[in-house]
Amino acid sequence: MQKNLLYAGAFIVLVLLQIFLLDNISLGVFFHPMIYIAFIIMLPLDVKPLWVLLLSTLMGLTIDMLTGMQGLNVIATAATGFMRPFMLRLAVGHATGADDSVPSLHRLSTKHLAWYIALMIILHSAIFFLLESLSLSHLPYTLLRLVLSAAMATLMSWYIVKLFTTKILNR
């Protein structure tokens, strides 16, 4: 029960950080880090895929309602939540189901965790920015925005995930 409250707190903190801090800081046209995806990354690995998809959709819906984006975040976060098991297999190299020996993120090695965070953020950013532009005529601009924003979001999310998994969950 306490861990559920910690995850609910992480949900709220990440939404507030995204809405009131990162969306209001002018980092330039090419930097739009989306750290709220760290919530999906931080979910325990043994959470059922249906719950991951529902929580991902709720996160996207919350961000969309607070920013007026009209569904763009819902699509990107729901797709990322849906692809989470595949991204885990890519990052870790084997299936990570409920019967696996890796029950939570703090049991992943640093290399696997870094790959997992990077893959999830790149996937989310690619869906978000490609749907946002809806044009291949601006593809170089969109790709530059994707790379810079994903790099910044990966770095920020790395610290958020490490803080959450080592300091908050293990106290």
Side-chain angles (χ1 to χ4, degrees), residues 2-19 21-23 31-64 66 72-98 100-129 131 146-171:
Q2 183 180 4
K3 287 201 182 206
N4 290 341
L5 291 175
L6 289 173
Y7 282 104
F11 183 96
I12 292 168
V13 166
L14 287 170
V15 167
L16 293 175
L17 277 173
Q18 184 69 46
I19 299 298
L21 184 64
L22 292 176
D23 286 353
F31 292 104
H32 185 252
M34 295 174 278
I35 62 163
Y36 60 91
I37 199 71
F39 175 75
I40 300 167
I41 294 169
M42 290 187 301
L43 288 173
L45 301 181
D46 57 352
V47 173
K48 300 227 182 296
L50 177 63
W51 282 106
V52 172
L53 188 58
L54 289 173
L55 290 170
S56 301
T57 304
L58 180 64
M59 175 60 84
L61 185 63
T62 304
I63 296 290
D64 275 341
L66 294 173
L72 191 56
N73 289 295
V74 171
I75 294 169
T77 56
T80 305
F82 180 76
M83 294 295 292
R84 183 178 186 237
F86 178 69
M87 294 293 136
L88 275 168
R89 268 186 253 115
L90 275 177
V92 177
H94 57 82
T96 54
D100 196 4
S101 63
V102 186
S104 63
L105 281 179
H106 70 276
R107 301 266 316 265
L108 289 177
S109 70
T110 303
K111 179 180 94 171
H112 290 140
L113 182 60
W115 273 110
Y116 171 57
I117 292 170
L119 287 172
M120 290 287 284
I121 289 180
I122 289 169
L123 173 67
H124 180 267
S125 297
I127 294 167
F128 183 88
F129 288 123
L131 285 176
L146 189 152
V147 168
L148 294 176
S149 295
M152 184 179 277
T154 300
L155 183 65
M156 294 169 85
S157 295
W158 167 261
Y159 288 111
I160 291 169
V161 169
K162 289 302 278 186
L163 173 74
F164 186 78
T165 57
T166 59
K167 301 288 185 197
I168 297 173
L169 284 182
N170 292 333
R171 54 179 174 125

Check Ile117 against Ser157 and note the closest heavy-atom contact, atom names and distance.
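Heavy atoms of Ile117 and Ser157 come nearest at CG2-CB, 4.1 Å.
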Considering all heavy atoms, the nearest Ile160-Ala38 contact:
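Minimum heavy-atom contact is CG2-CB, 4.3 Å.
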Less than 4.5 Å apart, any side-chain heavy atom of [X] and any of [Y]?
X	Y	value
Leu72	Phe128	yes
His112	Leu88	no
Leu113	Lys162	yes
Met34	Ser125	yes
Thr62	Phe11	yes

Separation between [atom1] of [X] and [atom2] of [Y], rounded to the nearest 0.5 Å:
X	Y	atom1	atom2	answer
Leu66	Tyr36	CG	OH	11.5 Å
Ile63	Ile37	CD1	CD1	10.0 Å
Met59	Thr77	CE	OG1	8.0 Å
Ile75	His124	CD1	NE2	10.5 Å

Would you please name every residue forming a side-chain contact (heavy atoms from CB on, under 4.5 Å) with [X], sequence neighbours left out?
X	answer
Val52	Ile40, Leu43, Val47, Ser56, Arg84
Met156	Leu22, Pro33, Ile35, Met152
Ala78	Leu53, Thr57

Determine whether Leu55 and Tyr7 satisfy the following criterion, side chain to side chain contact (heavy atoms under 4.5 Å, CB included), listing intermediate values before the conclusion.
CA-CA 11 Å; Leu55 290 170; Tyr7 282 104; over 6 Å; no
Does the pair Leu90 and Trp115 meet the rule for a side chain to side chain contact (heavy atoms under 4.5 Å, CB included), with working shown?
CA-CA 8 Å; Leu90 275 177; Trp115 273 110; over 6 Å; no
Can you spot which of Thr80, Leu119, Ile121, Ile122 makes a side-chain contact (heavy atoms from CB on, under 4.5 Å) with Met87?
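Answer to the side-chain contact (heavy atoms from CB on, under 4.5 Å) test with Met87 among Thr80, Leu119, Ile121, Ile122: Leu119.
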Set out, in order, the CA-CA distance, both residues' side-chain angles and the distance that settles side chain to side chain contact (heavy atoms under 4.5 Å, CB included) for Leu148 and His32, then state yes or no.
CA-CA 8 Å; Leu148 294 176; His32 185 252; over 6 Å; no
Would you say the rings of Phe164 and Phe39 are close, in the sense that their centroids are separated by under 6.0 Å?
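So the answer is no for these two rings.
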Just checking Trp158: does its CH2 atom have more than 12 heavy atoms from other residues, nucleotides or ligands closer to it than 6.0 angstrom?
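Atom CH2 in Trp158 is packed in, count exceeds 12.
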